Asker: 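Sharing a structure with you now.
Note that the structure is a prediction, hence the values are computed from the model and not measured. Ligands are counted one by one from 1 in listed order, and the atoms in each one are counted from 1 as well.
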Amino acid sequence: MKTYRLQLRFLLPLVATLIAAAWLAAPVFDKLTLRWFSRDLTSRGILVANALSDSVADAVLYDRVQRLKPLFNRAVEDERLFAVGVCSPSGALLTKTDRYPATLDCERAAEVAQEAQPHLALEGGSVHVAVRDVLDRRPRTPGTGAEFGLPLPQLPPAEEPATTSEPLVLARIVLLHDLSFIERRSQDTRRYLIGMIAALGLVISFITVVVAQLSWRGWVNGARALMRGEVLLAPITSSPELAPLAADLRGRLRDLEDEYRRSQGPETEWNAGRLRQLLKTQLSGDQVIVVSNREPYIHEKTETGIVVKRPASGLVTAVEPVMRACSGTWIAHGSGSADRDVVDAADRVAVPPGHDDYWLRRIWLTPEEEQGYYYGFANEGLWPLCHVAHVRPVFRESDWQAYKEVNRRFADAVVAEARGDDPVVLVQDYHFALLPALIREKLPRATILTFWHIPWPNPESFGICPWRREILQGMLGSTILGFHTRYHCKNFIETVDRYLEARIEHEHSTISYREKDTLVESYPISIEWPREDESMPPVAQCRANVVARLALPQQACIAVGIDRFDYTKGILERMNAVERFLEKHPEWVGRFVLVQVAAPTRAALDEYRNFSLRVQELADRINARFGNGTYAPIVLLAKHHEHDAVMELFRAADICLVTSLHDGMNLVCKEFVAARDDQQGVLILSRFAGAAREMPEALIVNPYHVEETADALHRAAVMPPAEQRERMASLRSTVREFNVFRWAGRMLADAGRWRLRARIEERVRRLGAS
Ligand code: G6P
């Protein structure tokens, strides 16, 4: 529509010019045609006069002028000849046709014929007057006239002296041509002229429209390429007309970058302040809304009153500090027994308790919804589908319906919470694959950053999901789609390539689907690095506390595992490795303990209940084999531990075991490293956890390989303090630098760039349309 309006801008002046040209050209053309026709009439007059002159000469010479009438009447049958008359040399009208005007005598006719425009106005219209002499062509020597077959008549003496050699004028023919014929012709010509100009105008308009359309498209494509940065970086060779615009944009972006850098000060480490600053500069303080299934604070009823708990969730560990820094609203499922008691009328409660940094908006789910959406589709379908942990995914139609419905309800909540039409929405995890597209439908200008906290499988594995297309379409509503590793991004892009008709630009890692671009990028998640002033109890004290509380041998080598009770965490494999280690190195029996914290999770599912039973059985068996009344090599603590208790365990430990069979990132290993400011302790890390890519200083193991993990345990148990320090110092500097504020900062900075680009694109589009 806009391009047509644009083309009208070209067409209207063109049409106006053509009309003006026709208006100016018409009188000129009139004059020209009049002149042509007058000339035509003159030559016709000469022709007619010549044709009649012999007959007229004979008639005059033989005094038979009246006999000329029939001849003249035949001549005026020609539509253009109006009347004919014959005058004597002395000016007497000798004969004339019927229509010859009575008022036109010979003298007047001769006068009019001399005029520049020899026209005479009559009652029925104008006539063109021409007078032609009829000459005596006979030889001037007097003779008998026999050579003519006729006697020579007596010439009137007054007419001509007999001696002159000039031919005598015998009579004058007066020819009156009808000028209305010329007017008719000229009108016809004018019509043709205007028709021709109109046709020409149409052809030119058509060509203009086509050329404008083509150049508009070229221009828009060029501008889009510009927005994508293709011509911002490369010299402009393909669209030189865009060079000035590109130069302006380059300048503007440079200014913004400078401005941003200035606002950041020298390259500093990422922290809450820097993230807040980025939010202000890059996203102009736009509203941030987080959506996750698990809430960051759970209010529970206890015998002593309402208590606030922090859930065991890597997602919450990572996102909560970001929200404290950014403020805004976090929308999540209200799952605590006292959650309803503490919210306001809009189901909101300010958190963290006592600090009120941001709002927690709770969504209530019915038991059926929770069963279908959370336990069913998310945790029996997508969770095992994405984790290659050899548990079969279960897909039920009723679960899928509940999943769709709950995603819709969360989308409505996002719309209700949004203060403007372009909030920044951070959609978290596999519970909300459909949410990005649902939000995009209602808030097309929103910046939607979706982060998938768990792995993404290869296209074949993902293909077993009956609703694979719907899931992918839902996720592609995102502006940015984040995974922990490049490998998961690659798997996702290949999956889209396999199951959707989308355009993939591998170079920019973008997917265009239904006219909408999504950036697929890796953002390794992390933790908040402890503040300098955040003092932790000394390591020795932590160790003493743990030894006392768990009744461990005084000199025990303590290994810890802190996990949810989940089959993906490799807890069985870890215990098998402990058994093998004690088998291979019996000197450690009585001196080595694995303290395994396993926080209950998704206990309503058979798979999880069975798994915890198997873990319990295995622990009992190993303890029976190597333990005694006072010593047990495995201490299984199957209950949720709050942050401080976990920190105490980390600081008390000599070894931390993370043996996930498949994990998006795993933050336990990063928290262990952050807890060890004494630079001691050894991390054993599964190569199947995303974190293994960032933490090569850990002892990297294949948890499926019992022997290898047992050997790593031994190596860790005997590792000298100096080597521990070296490894731990390096790990700490990595985690400190690549902390969660950097994770969020990179995503928000990309979102900021994306929004800026979208805004410039819109401005260019508006410019083009105006
Ligand atoms: C993983 C998921 C999170 C989830 C957490 C705890 O880390 O990626 O989304 O919150 O497990 O699981 P739960 O089902 O208890 O929320």
Asker: Among all the protein's non-hydrogen atoms, which is closest to atom 16 (O) of ligand 1, and how far away is it?
Answerer: R294 NE, 2.9 Å

Asker: Is the shortest N/O to N/O distance between N293 and ligand 1 below 3.5 Å?
Answerer: no

Asker: Does NZ or CZ of R361 fall inside the cone over W359's six-membered ring, less than 6.0 Å from its centre and within 45° of the axis?
Answerer: no

Asker: Would you call E528 and R324 a salt bridge, taking side-chain N to carboxylate O under 4.0 Å as the test?
Answerer: yes

Asker: Give the numbers and elements of all ligand 1 atoms closer than 4.0 Å to a heavy atom of T601.
Answerer: 15 (O)

Asker: Numbering the atoms of ligand 1 from 1, which are under 4.0 Å from a heavy atom of I454?
Answerer: 8 (O)

Asker: Note the single closest protein heavy atom to atom 5 (C) of ligand 1, along with its residue, its atom name and the distance in Å.
Answerer: S313 OG, 3.6 Å

Asker: Are more than 12 heavy atoms from other residues, nucleotides or ligands located less than 6.0 Å from atom CZ of R687?
Answerer: no

Asker: If you count every heavy atom of other residues, nucleotides or ligands that lies below 6.0 Å from R419 atom CZ, does the total exceed 12?
Answerer: no

Asker: Starting from atom 7 (O) of ligand 1, find the nearest protein heavy-atom neighbour and note its residue, name and distance.
Answerer: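 Ranking protein heavy atoms by distance from atom 7 (O) of ligand 1, first comes G314 N, 3.9 Å.
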
Asker: Where does P311 meet ligand 1, judged by heavy-atom distances below 4.0 Å: at the side chain, the backbone, both, or neither?
Answerer: neither

Asker: Using a 4.0 Å cutoff against the non-hydrogen atoms of H453, which atoms of ligand 1 qualify?
Answerer: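 Listed by number with element: 8 (O).
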
Asker: Hey, which of Y430, F451, F462 is the one that makes ring pair (Phe, Tyr, Trp, His ring centres under 6.0 Å) with W456?
Answerer: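 Passing option: F462.
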
Asker: When rounded to the nearest 0.5 angstrom, what is the spacing between CH2 in W383 and OH in Y567?
Answerer: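 It is 7.5 Å, given to the nearest 0.5 Å.
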
Asker: Record the part of V316 in heavy-atom contact with ligand 1 below 4.0 Å; permitted values are side chain, backbone, both and neither.
Answerer: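 Neither; nothing of V316 gets under 4.0 Å from ligand 1.
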
Asker: Nearest 0.5 Å, what's the CZ-CD1 distance between F483 and I493?
Answerer: 8.5 Å

Asker: Answer with side chain, backbone, both or neither: which part of H431 has a heavy atom less than 4.0 angstrom from an atom of ligand 1?
Answerer: side chain

Asker: Strictly below 4.0 Å, N to O, side chains only: are K442 and D412 in salt-bridge contact?
Answerer: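 D412 and K442: salt-bridged.
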
Asker: Regarding E494 and R498, does a basic nitrogen lie under 4.0 Å from an acidic carboxylate oxygen?
Answerer: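 No, this pair does not count.
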
Asker: R602 to ligand 1: N or O pair under 3.5 Å?
Answerer: yes

Asker: Do other residues, nucleotides or ligands put more than 12 heavy atoms under 6.0 Å from the OH atom of Y487?
Answerer: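 At most 12 heavy atoms, drawn from other residues, nucleotides or ligands, come within 6.0 Å of this atom.
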
Asker: For atom 14 (O) of ligand 1, which protein heavy atom lies nearest, and how many Å away is it?
Answerer: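 Of every protein heavy atom, Y374 OH, 2.4 Å lies nearest to atom 14 (O) of ligand 1.
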
Asker: Can you find an N or O of N379 that's nearer than 3.5 Å to an N or O of ligand 1?
Answerer: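 By distance alone, the answer is no.
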
Asker: Would you mind checking which non-hydrogen protein atom is closest to atom 8 (O) of ligand 1, with the distance to 0.1 Å?
Answerer: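 That would be D429 OD2, 2.5 Å.
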
Asker: With heavy-atom distances below 4.0 Å as the criterion, list the atoms of ligand 1 near A312.
Answerer: 6 (C)

